[in-house]
There are 2 protein chains.
Amino acid sequence: MSTPGLASTNEAEIKLLDSALRLFSQQGYEGTSIREIIEGAGVTRPVLYYYFENKEDLFQRLFETKFNDLIERINEAASAEGPCIPRLKGIIAGAFELAEENGAAVQLILQVLFSAPQQGPSLDRQKLMRQRFKIVEKVIRHGLDNKELSGGDSQSLTLVFLGIMDMHMMAKSNRMETRLSSELALSLVDLFVAGAKYRALPETNLVSPYAF
Amino acid sequence: MSTPGLASTNEAEIKLLDSALRLFSQQGYEGTSIREIIEGAGVTRPVLYYYFENKEDLFQRLFETKFNDLIERINEAASAEGPCIPRLKGIIAGAFELAEENGAAVQLILQVLFSAPQQGPSLDRQKLMRQRFKIVEKVIRHGLDNKELSGGDSQSLTLVFLGIMDMHMMAKSNRMETRLSSELALSLVDLFVAGAKYRALPETNLVSPYAF
DNA sequence: CCGTTTTTACCTAACGTTCGTTAGTTGTCG
DNA sequence: CGACAACTAACGAACGTTAGGTAAAAACGG
């Protein structure tokens, strides 16, 4: 039977979004057909057009939701109180958490951010990239200001930081058994700030989650 | 030589590969049609099927060529004599050079490496990733062995290193005016080995090529 | 060296399939 | 009854692909 009380809303819409996430994240936008999506959701085609304008609208609404989840997670860690380095750790840990909880969503996001310029539906990749970039850069600029960090301007360091973060999420996308633990997140930031140079000081001891 | 006089070599094949590179790198595999490719090359459709088995064969042969260019460039720097750190600098510098010379090729490569698992033509992404990974890892393991480097196992450090490298090439793909100079390559490796922690020692002074 | 055959490099014109999309209809409830 | 949520059935367009043909160059036999 349909829903008596609470849920009440559009079970079909949710099923469509779930199915679309699964398929888009694995096959990409053009590689996934409307027919596959509705089949995965167990509904018929006009139902999709009842809830969504068209294929692109479905993708955009799906993507927006998932991307906002990530931004929210990162933003939360970024706007914490205190020094910069723990906040950076929180950012990576937050992103890693999301990747563990919802691997498909993270796959979808990375896929969009790193796809060809004119690929897929029209999304302003640069704007999306910038959105995330700005959040991290603000934290790093803060760290540079109180001499917690050095070694380059805020934009350079941010690009390096995001590279480290994204490469690990990408590694998980390729091999889902790769665990992105919060311990790993902490180690990565330690490596980021202390470097990979041998010295006698207490050093990070990173262990790769990415075993070949 | 097959051709005594001028042209008469498979000019059409070269034009097709050029056109395909331009389009695939910008629109992706599924986003590019055979018709666009032949139009860009100024030939007719059967000509494409004369030189290539099908669309997938065209893509694979194009990709293989460009990927081997990158591997070759990286391998050359990796197999140089001497300590590890200059070799790492050579690796990034080599990749950056290629990105400056042939931006479209690098875009194509990154697009394949970072695309969704079942997207596009069947290519063994993991194998490709591993190929590049192994080359860099060997250099880094060497650095760990003679205490040039520390801070984690060879796989962890390699993943971080590749993340830094790829994120910069990705940034250039998004904004082609971004210059990936060899000076930047050196600075990035310095940052990689020395970290972003403030200290009185002689430090890298990275300046971002990626201005928002 | 010349006439014939074969191969190369391209063409025009279509084929069948799959795609995203929609018009029109029906059953269910408040 | 009328709004909602689903259905069946088809549409036109775009896709990758191929059958069949042609003009010129290359290879070859006498």
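Letters A, B, ... mirror the listed sequences (proteins, then strands); counts begin at 1. This is a predicted model, so every value here is computed, not measured.
Considering only heavy atoms from C-beta on, B:Ile85 stays 4.5 Å or farther from B:Pro83 through its side chain. With contacts defined as side-chain heavy-atom distances shorter than 4.5 Å, the pair A:Met165/A:Leu162 qualifies.
With distances taken from any side-chain atom of A:Tyr50 to the nucleotides D:dT18, C:dC10, D:dC4, the minimum falls on D:dC4. Taking the side chain of A:Arg45 as heavy atoms from C-beta on, and the options D:dA10, C:dA13, C:dA9, the nearest nucleotide is D:dA10. Distances from the side chain of B:Lys55 to the nucleotides D:dT17, C:dA9, C:dT12 place D:dT17 closest. The listed nucleotides are D:dA9, C:dC10, D:dA6; the one nearest the side chain of A:Ala12 is D:dA6.
Counting non-hydrogen atoms of neighbouring residues, nucleotides and ligands closer than 6.0 angstrom, the CD atom of A:Glu56 exceeds 12 such neighbours. Counting heavy atoms of neighbouring residues, nucleotides and ligands inside a 6.0 Å radius, atom CD of A:Glu101 exceeds 12 of them.
The stretch residues 15-29 of chain B does not touch DNA chain D, since none of its heavy atoms comes less than 4.0 Å from the strand. Using a 4.0 Å cut-off on heavy atoms, the residues of residues 30-42 of chain B that approach DNA chain D are B:Thr32, B:Ser33, B:Ile34, B:Arg35, listed by number.
For A:Phe59 and C:dT21, the CZ to C1' distance is 20 Å, given to the nearest whole Å. Protein atom CD of B:Glu13 is 13 Å distant from nucleotide atom C1' of C:dT8, rounded to whole Å. Between the P atom of D:dA6 and the CD atom of A:Glu11 lies a distance of 8 Å, rounded to the nearest Å. Rounded to an integer number of Å, the gap from A:Asn54 CG to C:dC19 P is 17 Å. The interatomic distance linking A:Leu48 (CG) with C:dG20 (P) rounds to 10 Å, in whole Å.
A donor atom on one side chain and an acceptor atom on the other are not found under 3.5 Å apart for B:Asp190 and B:Ser187. With 3.5 Å as the limit, one finds a donor-acceptor pair spanning the side chains of A:Glu36 and A:Gln27. A donor atom on one side chain and an acceptor atom on the other are found under 3.5 Å apart for B:Arg125 and B:Ser115. Inspection of the B:Gln26 and A:Gln118 side chains reveals an N or O donor paired with an N or O acceptor under 3.5 Å.
Phosphate proximity of C:dT22 to A:Tyr49: absent, as no side-chain N or O sits under 4.0 Å from OP1 or OP2. Close to C:dC10, at under 4.0 Å from its OP1 or OP2, lies a side-chain N or O of B:Tyr51.
In terms of position on DNA chain D, the residue among B:Glu56 and A:Val47 whose nearest nucleotide sits closer to the 5' end is A:Val47.
Under the 6.0 Å distance and 45° angle rule, B:Lys55 counts as a cation-pi partner of B:Tyr29.
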